[in-house]
Amino acid sequence: MQAAMVEAVRSFLANNVPAMDLERCQEALESGAGYTVTPTALSHSSQLGSNLPCEDHWDSGTFDHFGGDGNAKNWNEWSIFDGHAGPRTAQALTVSLASMIMQALTENGCFERPYSANDPHTVDTIKQVFVQADDEMVQQTMEQIRSGLPDRAGIISSAAAAFSGSCALLALYDPAQHVLRVANTGDSRAVLGRWDGTKYIAHAMSVDQTGFNEKEVARITQEHPGEDVVDSKTGRVHGLAVSRAFGDARWKWPQDVSKRAFEMFWGPSPRPDSMIKTPPYLTAEPEVTEVIVQTGDHPDFLVMASDGLWDNMSSDDAITCVQMWLDKNKPNDFMEQQDGGLGPMGAGRPNSLPPSLPSILAPVYTTVADVAEEDEDVYFDEVEKCLRWRVSPKHFVVEDAHCGVHLIKNALGGKRRDLFTGVMSVQPPLSRRVRDDITVHVIFFGMDNSKTFEPRDG
């Protein structure tokens with residue numbers, strides 16, 4: 001219901017194109033924000049759409065271990081699905097992927113296994129589920145299209161998730177053993193913030209899978225010898241920005257199937273015959289990274305985000321941005337404002353966001369002249385043919401109660417108010433040239449939220 005309301009508000013704004021003053025921008029950011037609470041971790045999640053409908057989707061929840069220690073042994077899950085060419089693939093993954101992984105981990109005994117670094121049994125289970133989920137979208141649809149079944153409407157419905165595509169970034173946390181695993185397919189990104197004694201340092205938990213990734217280029221070249229698959233200038237794989245993805249059937253099907261889907265079932269235009277010779281050119285198999293989470297006085301935190309954030313902010317600056325927020329806030333401040341916590345249903349989908357009240361604001365830029373004189377980091381990009389901006393800590397402002405809102409605001413201008421409100425005022429479809437959909441999880445570990453899960457009297 002909340003998602004439907006947010007989409008309705010965005011549709012209204014797109015139709016009316018109001019000038020977005022700071023108050024309206026704040027409302028837009030906060031309408032897509034919330035929290036997820038587990039006994040030992042707490043996440044601030046936020047989403048700002050650019051496409052209409054938004055092509056990003058996300059999920060969070062808990063995998064019940066069913067052990068004697070109750071909540072202490074439950075695994076926690078957070079995921080981001082960055083869709084492209086439509087939202088259908090990302091929507092399907094939001095509904096099914098986490099439950100498929102939980103079932104496979106249970107059936108394969110992964111919850112009961114003692115810890116060993118990069119345990120191949122658990123890692124392979126996660127990889128197999130990703131591939132299975134993609135096969136159910138892409139390969140089963142291919143069989144339906146080839147079969148010539150008379151159920152045209154049914155084929156079109158099931159093909160929707162195969163025609164569009166999606167990246168997937170999923171984090172699994174085992175609080176009993178303090179093991180964090182991140183599985184990544186595509187170019188969403190996860191970065192761990194770890195205290196080095198004086199400040200938080202960025203540690204990569206994923207690597208962008210694009211044609212700019214040398215290992216990905218080597219893999220594709222080995223799989224398709226003699227073919228010119230990756231454009232070295234754009235990093236695109238036969239025109240697609242990522243080298244691994246769910247869906248995107250035109251990069252995975254033989255040409256005869258793509259042509260039949262186009263001619264008989266209103267599918268997207270096939271890629272050129274000269275391009276698609278030895279499909280598939282994409283895989284949904286993820287790369288899995290793990291780390292033992294450190295707690296204590298300065299516990300680890302994880303930033304997960306779709307590429308809409310990373311288009312504007314580096315990994316190092318994202319970690320600095322969160323540290324600046326932590327210098328003035330505690331992750332669980334909102335729980336103290338809600339009369340004793342969220343109750344036993346705190347885990348899972350986000351809870352409502354208390355209103356943010358800006359503190360004493362940092363100096364702001366309010367006119368084009370100010371920007372030209374004081375900030376050379378706003379410029380016209382001759383390659384993209386669009387006004388762009390650089391982001392660094394000197395532009396950051398700390399004024400939000402929600403860390404996800406804080407990150408997105410600073411990626412889109414921060415204390416440069418004229419820039420920020422301008423970026424937020426561009427509506428679909430033009431907004432996609434300016435900013436992509438942005439989804440963020442900031443996950444704080446080492447929390448003691450046990451009281452939240454105690455039964456409440458009355």
Has Lys415 got a side-chain atom pairing as donor or acceptor with Lys394's backbone, closer than 3.5 angstrom? yes
Give me the atom names and distance for the closest heavy-atom approach of Val397 to Asn410. N-OD1, 2.8 Å
Other residues, nucleotides and ligands only: do more than 12 of their heavy atoms fall within 6.0 Å of CZ on Arg181? yes
Between Ser79 and Glu77, is any side-chain donor less than 3.5 angstrom from a side-chain acceptor? yes
Determine the sole option in Thr89, Leu97, Leu169, Thr185 for which the side chain to side chain contact (heavy atoms under 4.5 Å, CB included) test with Phe81 is passed. Leu97
Distance in Å, Asp311 CG paired with Asp436 CG, rounded so as to fall on 0.5 Å steps: 6.0 Å
Quick one: does Trp251's side chain have a donor or acceptor within less than 3.5 Å of a partner on His238's backbone? yes
Show the numbers, then the answer: is there a salt bridge (charged side-chain N to carboxylate O under 4.0 Å, His left out) between Asp381 and Lys385? CA-CA 5 Å; Asp381 190 311; Lys385 302 299 181 184; over 6 Å; no
Asn332 pairs by side chain to side chain contact (heavy atoms under 4.5 Å, CB included) with which of Leu42, Asp448, Val37? Leu42
Any donor-acceptor pair under 3.5 Å linking the side chain of Trp75 with the backbone of Leu172? no
Centre of Phe265's six-membered ring, under 6.0 Å away, within 45 degrees of the axis: is that where NZ or CZ of Arg152 sits? yes
Could you label the plane-to-plane angle of the Phe444 and His44 rings as parallel, tilted or perpendicular, counting under 30° as parallel and over 60° as perpendicular? perpendicular
Determine the sole option in Leu412, Ile438, Asp400, Val440 for which the side chain to side chain contact (heavy atoms under 4.5 Å, CB included) test with Leu407 is passed. Val440
Report yes or no: does Asn213 contribute a side-chain atom to a donor-acceptor pair with the main-chain N or O of Asp208 at less than 3.5 Å? yes
If you measure from the Lys or Arg side-chain nitrogens to the Asp or Glu carboxylate oxygens, is any gap between Asp377 and Arg416 under 4.0 Å? no
What's the spacing between Asp248 CG and Trp253 CH2 if we round to 0.5 Å? 11.0 Å
Would you give the length of the straight line joining atom SG of Cys321 to atom NE2 of His406, rounded to the nearest 0.5 angstrom? 3.0 Å
Flag for Asn312-Arg388: side-chain donor and acceptor within less than 3.5 Å: yes
Could you tell me whether the side chains of Ser43 and Trp78 share a donor-acceptor contact shorter than 3.5 Å? yes
Please report the C-alpha distance between Arg244 and Asn184 in whole Å, then the side-chain angles of each, then the deciding distance to 0.1 Å, and finally whether the side chain to side chain contact (heavy atoms under 4.5 Å, CB included) criterion is met. CA-CA 9 Å; Arg244 302 193 190 200; Asn184 180 53; over 6 Å; no
I'd like to know whether CZ of Arg433 has more than 12 heavy-atom contacts from other residues, nucleotides or ligands below 6.0 angstrom. no
Would you indicate whether the side-chain heavy atoms of Leu180 and Leu192 approach each other to under 4.5 Å? yes
To the nearest 0.5 Å, tell me how far Lys328 NZ sits from Asp333 CG. 13.5 Å
Taking the side chain as C-beta and beyond, is there a heavy-atom pair between Phe163 and Ile156 under 4.5 Å? no
Once you round to the nearest 0.5 Å, how far does OG1 of Thr421 lie from CG of Asp21? 8.0 Å
With rounding to the nearest 0.5 angstrom, report the NE2 to OG1 distance, His298 to Thr198. 10.0 Å
Candidate list Phe445, Tyr173, Tyr200, test ring pair (Phe, Tyr, Trp, His ring centres under 6.0 Å), partner Phe301, passing option: Tyr200
Walk me through whether Thr38 and Asn74 qualify under side chain to side chain contact (heavy atoms under 4.5 Å, CB included). CA-CA 9 Å; Thr38 79; Asn74 291 343; over 6 Å; no
Could you report the tightest heavy-atom contact between Ser158 and Thr141, atom names first, then the distance? O-OG1, 3.5 Å
Can you name the one residue among Glu287, Met205, Glu290 that meets side chain to side chain contact (heavy atoms under 4.5 Å, CB included) with Val182? Met205
Looking at every heavy atom in both Ser46 and Ala33, which two are closest together, and how far apart are they? OG-CB, 3.9 Å
Near Lys233 NZ, under 6.0 Å, is it more than 12 heavy atoms from other residues, nucleotides or ligands? no
Closest heavy-atom contact between Lys409 and Leu29? CB-CD1, 4.0 Å
With Thr439 as reference, evaluate His57, Glu55, Gln47 under the side chain to side chain donor-acceptor pair (under 3.5 Å) test and give the passing residue. Gln47
Is it true that Ser306 and Asp56 share a donor-acceptor pair across their side chains at a distance under 3.5 Å? yes
Least distance between heavy atoms, Cys54 atom then Gly49 atom: SG-CA, 3.9 Å
